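Before any comments, here is the structure.
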Amino acid sequence: MAPLMFLLFKPSFEVPSSPYSVSLLLNSSAFQIFIFVLLSMASSSKSRSRSNGKPHVLCFHQDLAPLRTVKVQGPTRGKHFYGCSHWPNSYGFFKWADEEDRVQELQFLLFERDTRIVELEILIEELENEVNNLKETKWKLEDDVAEMAIENTEQLAIISSAAADKKLYNLLVASWVLFAIVLLLLGRG
């Protein structure tokens, strides 16, 4: 029961907020397996409930199968078994009483395995969502880098244009200074 409680109260589980998210959750394989495990638990608890430490086994008619003892001569004489509750009118259900513990143990192992599968599928979905979010972030960052490259190219063009304008201005000033010097020299001479 502890693995199931982990699934129900897992702190990282997010409740879907939109109808589309709810639809995705209901159609996910992890959710369907989770429901299957819940239904399996409900049916196994019906057939395996205990009262006063004695197991209750249900026959194919979903009635309590009584515990009986083999009375015929042979190697199984005295051995306990569960039989159909409608015996002798109906046959078909038979289970040795000493197999009970092994069956319950195997059912519990199957339940643990199914629960672990559901946990791993939920983890896979969370990781896939994280990967998708990281891809979207990467694409946004690539777009930002491309925009920054364009802006830097424009700024570089503006700076180089301003540098060319400054060189032309300095050349113009130098030519006026040279012109003024030539006029001064001509005026003296």
Side-chain angles (χ1 to χ4, degrees), residues 1-68 79-87 90-152:
M1 190 69 171
L4 180 63
M5 297 306 279
F6 171 77
L7 285 175
L8 292 175
F9 300 107
K10 188 175 176 188
S12 66
F13 182 75
E14 296 177 16
V15 176
S17 57
S18 71
Y20 178 71
S21 299
V22 171
S23 172
L24 285 177
L25 175 67
L26 293 177
N27 291 326
S28 71
S29 58
F31 182 76
Q32 291 172 357
I33 290 174
F34 177 71
I35 295 300
F36 172 76
V37 169
L38 283 178
L39 292 174
S40 297
M41 272 186 41
S43 65
S44 67
S45 67
K46 181 178 178 184
S47 63
R48 299 290 174 210
S49 61
R50 289 183 176 261
S51 173
N52 299 330
K54 295 181 182 179
H56 289 280
V57 178
L58 300 180
C59 70
F60 298 135
H61 299 98
Q62 296 300 314
D63 292 330
L64 185 64
L67 182 63
R68 300 187 175 156
K79 194 169 180 179
H80 298 288
F81 68 95
Y82 294 98
C84 183
S85 61
H86 296 276
W87 182 79
S90 177
Y91 297 96
F93 179 78
F94 176 86
K95 178 190 253 181
W96 289 114
D98 58 358
E99 290 178 355
E100 177 68 22
D101 292 335
R102 184 66 182 147
V103 169
Q104 284 182 340
E105 181 182 324
L106 291 174
Q107 283 179 336
F108 182 74
L109 290 174
L110 284 173
F111 171 74
E112 280 185 333
R113 184 205 63 192
D114 291 343
T115 303
R116 183 64 181 149
I117 288 170
V118 169
E119 290 171 351
L120 290 174
E121 286 183 345
I122 289 172
L123 180 63
I124 287 170
E125 285 184 26
E126 289 174 354
L127 291 174
E128 286 173 347
N129 288 339
E130 188 174 338
V131 166
N132 289 336
N133 289 340
L134 289 173
K135 283 181 181 178
E136 287 179 21
T137 303
K138 176 188 167 209
W139 294 329
K140 288 178 184 175
L141 290 174
E142 286 175 349
D143 289 344
D144 290 346
V145 167
E147 287 178 20
M148 290 172 70
I150 292 170
E151 289 176 10
N152 285 343

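The basis for the numbers below is simple: all heavy atoms, side chains too, and nothing from hydrogens, waters or symmetry mates. Computed from a predicted structure; not experimentally measured. Position 1 is the first residue of the sequence; numbering continues from there.
In the displayed structure, Glu142 atom CD is contacted under 6.0 Å by more than 12 heavy atoms of other residues, nucleotides or ligands.
When every heavy atom of His80 is checked against every heavy atom of Trp96, the shortest pair comes out as O-CE3, 3.4 Å. Closest heavy-atom contact between Ala65 and Gly83: CB-O, 3.1 Å.
Partner of Val118 under the side chain to side chain contact (heavy atoms under 4.5 Å, CB included) criterion, chosen from Asp114, Ile122, Leu120: Ile122.
Atom NZ of residue Lys140 and atom CG of residue Asp143 lie 10.0 Å apart, to the nearest 0.5 angstrom. From Arg116, atom CZ reaches atom CD of Glu112 across 11.0 Å, with rounding to the nearest 0.5 Å. With rounding to the nearest 0.5 Å, the separation of CD in Glu130 from CG in Leu123 is 9.5 Å.
A heavy-atom distance below 4.5 Å is not found between the side chains of Leu134 and Lys138. Two residues are said to be in side-chain contact when any heavy atoms from C-beta on lie closer than 4.5 Å; Lys135 and Val131 meet this criterion.
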